[in-house]
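Positions are given from 1 along the sequence.
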Amino acid sequence: MARLLVFVLLALFALAVARGWLRANLPRPGTGARPSESIVRCEVCGLNLPQSEAFARAGLWYCSREHLESQ
């Protein structure tokens, strides 16, 4: 009976190790190459931010609508 218990525990341990190894080698979703985005600098305060979040006027970039309207 003790031998059976040892074999069952060894099998469970081997299964846990195999699952961990398989999970470590699988590609994770969302970690693929993302397209890079340009970083721009606010003309008023100098804050660097992604271009998609910035406001532009006459080729100059601003971090907020308040900074855009102050110029």
Check which hydrophobic residues are tied to L4 through side-chain heavy-atom contacts below 4.5 Å, counting indirect links as well, and list them. V8, L12

Atom pair CG (L10) and CG (L15), whose distance is rounded to the nearest 0.5 Å: 12.5 Å

List, by chain and number, the other hydrophobic cluster members for F55, where Ile, Leu, Val, Met, Phe, Trp and Tyr join if side-chain heavy atoms come within less than 4.5 Å, directly or indirectly. V44, L60, Y62, L68

Using side chain to side chain donor-acceptor pair (under 3.5 Å) as the criterion, list what pairs up with E37, not counting sequence neighbours. S52

For C42 and H67, work out which heavy atoms get closest and say how close. SG-ND1, 3.4 Å

CD on E43 to SG on C63, rounded to 0.5 Å: 11.0 Å

Using a 4.5 Å side-chain heavy-atom cut-off and chaining through intermediate ILVMFWY residues, the residues clustered with I39 come out as none

